Amino acid sequence: RRFEEMKVKDKVREGYKQTELGEIPVEWEVKKIKDVAEIISGGTPNKQIKEYWQNGNIFWATPTDITSNKKYIYYTEEKITEKGLRNSSAKILPVGSILLTSRATIGEKCINKKPMATNQGFKSLVCRDDIVFNEYLYYYIDIIKGDLIKLARGSTFLEIPKAAIANMKIVVPPFSEQKKIAEILSTVDEQIEHTEQLIEKTNELKKGLMQKLLTKGIGHTRFKKTEVGEIPEEWEVVELGKYVKVIGGFAFKSKFFEDKGIKILRISNISEGKLDFNDCVYYPDNKIQNLSDEFFLKENDVVIAMSGATTGKVGIVKKQDLPCLLNQRVGKFKPLFPNKIDNTYLYYVINTRYFQDKIWHFAIGGAQPNISGKQIESILITVPSFNEQKIISDILLATDKRIDHYESRKQQLQQLKKGLMQKLLTGKIRVKV
């Protein structure tokens with residue numbers, strides 16, 4: 001019976017064959033990278049010799065130029081001269097080469113659209129046109145990136161040897177199929193890039209709206225000069241503490257933290273306007289009976305990190321974040337009078353450059369950033385009418401929702417690309433040529 005089970009397990013689908021890289025289509029081959037591309041190391045001309053650098057006209061890439069997640073590279077921050085090129089181990093890479101980082105940062109890559117050289121932190125790949133399509137290999141590197149990192153060696157910094165890259169095995173479909181696979185993945189990449197541009201433009205729009213709405217308001221024609229700048233005549237300038245109290249969280253004992261129960265909001269969970277509970281701890285339900293209601297967060301509560309590197313980061317509690325408890329060194333803003341301060345308006349005010357600069361003015365005094373509730377309450381804020389606050393916050397909230405929509409779209413596209421790569425680059429799904 002065991003023999004029969006082994007036969008079933010070893011059975012290969014029709015049209016496929018078993019290889020050391022797994023089951024692949026019969027037309028596909030397993031090859032070493034050295035058989036499909038020339039591997040070229042880079043070099044750095046002597047930095048002390050001006051003639052190697054001054055008025056250089058040869059693009060010279062470093063890993064910093066590559067880690068921007070862009071597929072193509074058109075220029076570099078630095079250039080070298082012809083003399084610098086001749087007097088170093090740097091070499092000109094033809095257009096269409098894959099610039100692959102191999103030192104410290106390993107496995108990042110892009111395709112050069114202009115001839116360029118690189119420093120020694122690269123093992124670049126010049127594809128043999130008759131065997132492998134450069135954009136297919138570009139995407140395939142994502143499949144083997146983890147293996148490349150495992151092969152890296154070094155005490156000061158990790159580096160992958162040229163021989164290790166040369167002997168790395170990849171699957172190679174027929175050339176026409178490689179091009180089709182790369183074309184499909186490129187289409188998804190273009191959609192991701194377009195979505196990133198929409199996110200960037202909407203963020204710029206939000207920045208402009210915040211600057212205008214939080215200083216000029218809506219429909220005002222008369223303004224006055226104040227300690228925080230020129231604002232509408234009808235607006236107040238007051239210390240935050242006149243209308244809002246900053247409440248610190250409870251000092252939960254870490255020995256009681258568990259993997260389930262009620263979420264605890266720590267400073268590490270506040271991230272750029274959102275609450276991120278990927279790294280989350282929980283407090284057991286049977287230990288919360290005597291806790292004050294102040295430590296239970298509610299929907300639309302505004303919270304702030306009060307110490308450490310994230311000092312000043314602000315978030316708003318959403319329905320999906322609840323139930324949730326407020327930990328020490330996280331502050332909660334509690335409006336003291338109904339219909340005087342809108343929580344969402346307050347959130348945007350705290351995120352202004354002016355307010356954040358004031359927070360850091362207080363925070364950098366000690367060994368590590370740290371701010372008290374009283375210090376936050378002493379910061380001046382502008383207070384329009386409650387109705388105008390609501391209008392301002394609604395406009396900015398709509399912009400944030402648009403950004404969230406684009407961010408969600410980007411994540412969906414990235415997941416789609418990841419799934420397609422796993423299937424297309426291994427032959428699990430075939431493309432029609």
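Owing to the predicted nature of the structure, the values given are computational and were not obtained by experimental measurement.
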- prompt: Does one side chain, of Asn112 or Tyr75, offer a donor that lies under 3.5 Å from an acceptor on the other?
  reply: no
Between Thr44 and Asn119: side-chain donor-acceptor atoms closer than 3.5 Å: no
Over all atoms of both residues, closest heavy-atom pair of Gly308 and Gln368: CA-OE1, 4.1 Å
task: Identify whether NZ of Lys or CZ of Arg in Lys340 sits under 6.0 Å from the centre of the six-membered ring of Phe386 and within 45° of that ring's axis.
output: no
Cation-pi, Phe59 ring and Lys114 (6.0 angstrom, 45 degrees): no
query: Which residue pairs pass the side-chain hydrogen bond (donor to acceptor under 3.5 Å, both in side chains) test when at least one of the two sits in residues 48-61, sequence neighbours left out?
result: Glu51-Lys83
message: Salt bridge or not between Lys180 and Glu183? Use side-chain N to carboxylate O under 4.0 Å.
response: yes
query: Does any donor atom in the side chain of Gln191 or Arg409 lie under 3.5 Å from an acceptor atom in the other side chain?
result: yes
query: Can you tell me if Lys71 and Tyr139 form a side-chain donor-acceptor pair at under 3.5 Å?
result: yes
field: Partner set under salt bridge (Lys or Arg N to Asp or Glu O under 4.0 Å) for Lys263, not counting sequence neighbours
entry: none
message: Measuring from atom CG of Leu100 to atom CD1 of Ile141, what distance do you get when rounded to the nearest 0.5 angstrom?
response: 5.0 Å
task: Verify whether one side chain among Arg329 and Asn370 offers a donor that lies under 3.5 Å from an acceptor in the other.
output: yes
message: Checking side-chain polar atoms at under 3.5 Å, does Thr215 have a donor or acceptor matched by the opposite partner on Glu230?
response: no
query: Would you say Glu377's side chain and Val246's backbone share a donor-acceptor pair under 3.5 angstrom?
result: yes
query: Is there a donor-acceptor contact under 3.5 Å linking the side chains of Glu234 and His220?
result: yes
